[in-house]
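To start, the structure itself, in structure tokens.
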Amino acid sequence: MDTIKKSAAGRRRVYCLLFSVATLLFPACQPKAPEPLSIGKVWKAQVVKEGDQVVYTQGGTGNTQPGYVNFRLDLTNPQKVTLIDRDGKTIVGTWSVSPDNKRLILENLKPIPSSTIGTIEYYITTPPTPGTLPLQRTAESRKTGNTVNDYQLVPLE
């Protein structure tokens with residue numbers, strides 16, 4: 001009987017030890033929150049695709065939408081965004097990045113862009129670098145013929 005009690009006590013110690021180790025290791029397995037993106041700059045268009053058509057390339061002479069030379073996305077103020085679209089119209093509002101760093105959200109936009117409720121969202125298609133910010137509209141743009149647009153942005157020097 002003593003052998004059985006000692007064996008059961010030994011198993012309990014082993015289980016307690018395994019539980020303690022698992023408890024210590026479990027927090028290390030939790031996904032870490034992404035680092036905040038460092039995109040607080042004024043960005044300009046380098047390449048723009050409307051749907052599957054490249055309509056603007058910086059410095060290009062055959063651009064079908066040359067107005068993108070005026071495109072600016074000013075994220076320098078964490079409380080305010082200024083967007084100047086291809087037609088030169090200025091829209092102001094607030095901006096944020098989703099907690100997973102996958103979307104750039106422009107909200108409370110004035111004047112309200114057509115076919116929106118004052119919000120424009122972009123997917124951040126690949127992690128930005130100090131020299132690039134790749135975006136894709138999450139919804140079609142009425143202004144461009146209901147296309148989903150891709151923007152390769154670079155800092156305004």
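Quantities reported herein were computed from a predicted structural model and do not represent experimental measurements. These values consider heavy atoms only, across backbone and side chains, with no hydrogens, waters or symmetry-generated copies. By convention here, the first residue in the shown sequence is residue 1.
- The two residues Gly131 and Pro155 come nearest to each other via the heavy atoms O-CD, 3.4 Å.
- Following chains of ILVMFWY side-chain contacts shorter than 4.5 Å, one can reach Leu37 starting from Leu106, so the two form part of one hydrophobic cluster.
- You'll find the side chain of Asp85 reaches within 4.5 Å of the side chain of Lys143, heavy atoms only.
- When all heavy atoms of Ala45 and Gln58 are compared, the closest pair comes out as O-OE1, 3.6 Å.
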Query raised in the report: Could you walk me through whether Thr94 and Gln79 pass the side-chain contact (heavy atoms from CB on, under 4.5 Å) check?
Result: CA-CA 6 Å; Thr94 58; Gln79 305 301 314; over 6 Å; no
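- Judged purely by distance below 3.5 Å, without hydrogens or angles, the side chains of Gln136 and Asp150 pair a donor atom with an acceptor atom.
- Side chain of Asn63 to main chain of Thr57: a donor-acceptor pair is present (N/O by atom type, distance under 3.5 Å, no hydrogens or angles).
- Side chain of Lys89 to backbone of Pro111: no donor-acceptor contact under 3.5 angstrom is found.
- Val42 and Val92 fall into different hydrophobic clusters, where Ile, Leu, Val, Met, Phe, Trp and Tyr side chains are chained together by heavy-atom contacts under 4.5 Å.
- Distance CG/Leu135 to CD/Glu121: 12.0 Å, rounded to 0.5 Å.
- A side-chain contact (heavy atoms from CB on, under 4.5 Å) with Thr119 holds for exactly one of Thr138, Ile112, Ile105; it is Ile105.
- Taking every heavy atom of both residues into account, Pro128 and Pro134 meet most closely at CA-CD, 4.2 Å.
- At a threshold of 4.5 Å between side-chain heavy atoms, the hydrophobic network of Ile, Leu, Val, Met, Phe, Trp and Tyr places Val97 and Tyr123 in two separate groups.
- Inter-residue side-chain proximity for Val81 and Leu75 is flagged as met; some heavy-atom pair is nearer than 4.5 Å.
- Counting only distance, with no hydrogens or angles, the side chain of Trp95 and the backbone of Asp74 share no donor-acceptor pair below 3.5 Å.
- Between Thr147 atom OG1 and Arg137 atom CZ the span is 8.5 Å, to the nearest 0.5 Å.
- The hydrophobic cluster containing Val48 also contains Val69, counting ILVMFWY residues as joined when their side-chain heavy atoms lie under 4.5 angstrom apart, directly or transitively.
- Counting heavy atoms from C-beta on, the side chains of Ile124 and Asn101 never come closer than 4.5 Å.
- The OG1 atom of Thr90 lies 4.0 Å from the CD1 atom of Ile84; values are rounded to the nearest 0.5 Å.
- From Asn149, atom CG reaches atom NZ of Lys49 across 10.5 Å, with rounding to the nearest 0.5 Å.
- The distance from the CG atom of Leu156 to the NZ atom of Lys41 is 11.5 Å, given to the nearest 0.5 Å.
- Proximity of Thr116 to Leu109: side-chain heavy atoms (C-beta onward) are nowhere separated by under 4.5 Å.
- Of all non-hydrogen atoms in Ile39 and Leu133, the two that sit nearest each other are CG2-CD1, 4.0 Å.
- The six-membered or imidazole ring of Phe71 lies away from that of Tyr56, with a centre-to-centre distance of 6.0 Å or more.
- Atoms CZ and OG1, from Arg86 and Thr144 in turn, are 6.0 Å apart once rounded to the nearest 0.5 Å.
- Criterion: ILVMFWY side-chain heavy atoms under 4.5 Å apart, direct or through other members. Under it, Ile91 and Trp43 are part of a common hydrophobic cluster.
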